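Below you'll find the structure, written out as structure tokens, and then a few comments.
Every chain is numbered from 1 and lettered A, B, ... according to where its sequence line falls, protein lines coming before strand lines. Here the structure is a predicted model, which is why all the values come from computation and not from measurement. Side chains are part of it too, since the values below use all heavy atoms of this structure and drop only hydrogens, waters and symmetry mates.
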Protein chains: 2
Amino acid sequence: MVRMAHNGSNGPNKLKIMDKPQLSESQEDYLKHIFKLREVNETVTTQDLSESLKVRPASVTGMIKKLSSMELIYHRPYKGVVLTELGEKIALEVLRHHRLLELYLVDHLNYTWDEIHDEAERLEHVISEKFEAAISKLMGNPTRDPHGDPIPSVDLEIPEMPDLVSVDRLHAGQEAVIQRVLTQDKDILNMLSRLELTIDANILMVGSDKTGIRLKVGNNQYLIPYSIAKLIWV
Amino acid sequence: MVRMAHNGSNGPNKLKIMDKPQLSESQEDYLKHIFKLREVNETVTTQDLSESLKVRPASVTGMIKKLSSMELIYHRPYKGVVLTELGEKIALEVLRHHRLLELYLVDHLNYTWDEIHDEAERLEHVISEKFEAAISKLMGNPTRDPHGDPIPSVDLEIPEMPDLVSVDRLHAGQEAVIQRVLTQDKDILNMLSRLELTIDANILMVGSDKTGIRLKVGNNQYLIPYSIAKLIWV
DNA sequence: CTTTAAATTTAGTTGAGACTAAAAATAAAT
DNA sequence: ATTTATTTTTAGTCTCAACTAAATTTAAAG
């Protein structure tokens with residue numbers, strides 16, 4: 001079974017990504033992971049990729065060679081990889097698909113917070129430009145997904161994000177609105193959503209001690225361990 | 001890149017297909033094509049599959065062996081193949097995905113008749129049971145797709161179809177409603193939709209000669225060649 | 001029957017993208 | 001400057017699902 005291109009009915013004057021090579025799902029995933037690791041790590045090593053892709057280091061080296069030869073990444077052996085401009089565009093396209101899909105699943109198909117990631121992970125590689133455009137339009141070209149993560153625009157720019165801090169940095173008495181939740185862990189997402197600690201929720205910092213922080217949400221008050229508080233940004 | 005199962009959060013008492021093996025997209029496609037060829041052909045040969053899958057006969061033989069060993073088909077060498085009960089269930093599941101998706105793309109994402117097939121072809125292999133259930137429910141558990149083809153039910157029964165005839169069998173003066181269009185050819189679908197020869201359209205047979213048939217649709221009258229008339233069932 | 005044409009199967013190859021085991025390079029610690 | 005531990009790369013293997021070329025089986029025609 002050979003994967004076919006499906007760029008929709010791109011007219012002659014639709015450039016977007018010129019000479020975009022047809023990539024396998026694996027290759028798209030490598031680029032996406034490199035991009036996301038880079039947001040956090042400064043350098044992206046073979047081992048980083050091995051861990052995040054759950055693939056042996058030797059396999060990563062193999063794929064790095066291929067992506068290098070395709071000029072999608074730069075590789076300094078034993079040092080790490082960086083996306084080329086084209087590589088980054090492709091990574092952003094995959095990310096755009098993923099985040100649009102996550103929002104779509106929540107808004108139109110009644111998915112819950114914890115169900116969207118896996119589904120989007122599979123769909124992101126197979127939807128056409130037409131599909132991407134259709135759901136984006138339907139949702140009014142949104143800029144944030146259900147975790148508060150920015151959705152790259154059609155021309156693959158990342159929308160401005162306001163500066164955020166994790167809730168554990170609030171001081172007692174301070175109010176805030178949840179803007180972003182940095183986890184895909186189903187159990188954590190489920191727990192947070194049961195506590196109504198979801199995007200746009202209003203919270204009040206009550207206080208903190210070594211065990212964690214105390215938050216008031218609506219009429220309820222909760223003790224949140226630091227490990228989880230660090231995932232919630234306001 | 002290894003394909004993962006994604007049967008949704010099947011509780012312990014969801015049986016549906018017991019011990020359903022995890023199939024590759026190729027394998028699912030073979031089963032689907034065997035099913036569809038069988039609806040038309042009486043026997044399904046290596047060559048039939050080679051043509052419809054656009055794969056060399058030798059490759060078909062190879063896959064036939066694998067699917068046989070998995071007990072998804074029976075194979076009488078040099079004769080042809082038949083789906084086992086499990087093989088048929090899987091074929092129907094793929095077909096259900098495909099047809100639900102086609103209808104969904106038309107009803108909710110504004111796709112046109114000619115755009116839905118390719119998109120559904122890719123999506124059918126990756127959507128979860130959850131996704132299938134969600135779109136089915138949203139559309140009121142429909143039984144016909146945009147070509148008029150029956151959509152297998154959740155428990156994989158094919159809904160009853162009324163007996164139909166192709167329009168070329170109508171006699172002059174007879175009125176009818178289009179129920180089904182048996183092609184995926186984009187140009188033909190486009191043409192038919194421009195002529196408003198779409199599902200549920202009312203037509204009047206005016207007459208016929210060796211060049212084709214004359215149909216009245218609304219206020220317009222068209223000459224339709226037999227090759228195309230045979231695709232339209234009422 | 002025997003020949004011939006067509007369909008099918010066998011055998012072996014290829015390319016992706018994983019894997020393991022072993023070799024080599026780097027970085028840190030004496 | 002060596003040794004040691006860690007990371008990375010090399011080399012070779014495996015599986016899947018395609019491929020080609022050659023061999024075999026079946027069916028039709030003389």
Closer than 4.0 Å, any side-chain N/O of [X] to the OP1 or OP2 of [N]?
{"X": "B:K65", "N": "C:dA11", "answer": "no"}
{"X": "B:H75", "N": "C:dT9", "answer": "yes"}
{"X": "B:S24", "N": "D:dA17", "answer": "yes"}
{"X": "B:T61", "N": "C:dT10", "answer": "no"}
{"X": "B:R56", "N": "D:dT20", "answer": "yes"}
{"X": "A:Q27", "N": "C:dG17", "answer": "yes"}

task = Go through residues 30-51 of chain B and report each residue with a non-hydrogen atom lying under 4.0 Å from DNA chain D, sorted by number.
result =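 Residues of residues 30-51 of chain B under 4.0 Å from DNA chain D: B:Y30.
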message = Can you tell me how the ring of A:Y104 sits relative to the ring of A:F131, calling it parallel under 30°, perpendicular over 60° and tilted otherwise?
response =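 The rings of A:Y104 and A:F131 stand perpendicular, inter-plane angle above 60°.
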inquiry  = If I compare all heavy atoms of B:R144 with all of B:E160, which pair ends up nearest, and what's the gap?
reply    = NH2-O, 2.8 Å
task = Please determine if A:E119 and B:K130 form a salt bridge, counting it only when a charged side-chain N lies under 4.0 Å from a carboxylate O.
result =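 No, A:E119 and B:K130 are not salt-bridged.
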query = With sequence neighbours left out, what residues match B:D107 under salt bridge (charged side-chain N to carboxylate O under 4.0 Å, His left out)?
reply =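 Salt bridge (charged side-chain N to carboxylate O under 4.0 Å, His left out) list for B:D107, sorted by chain: empty.
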query = Any side-chain donor paired with an acceptor under 3.5 Å for A:H98 and A:D145?
reply =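 Result is no, nothing qualifies.
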task = Scan side-chain atoms only and decide if B:N41 and B:T43 contain a donor-acceptor pair under the 3.5 Å cut-off.
result =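 Checked: B:N41/B:T43 side chains show no N/O donor-acceptor pair below 3.5 Å.
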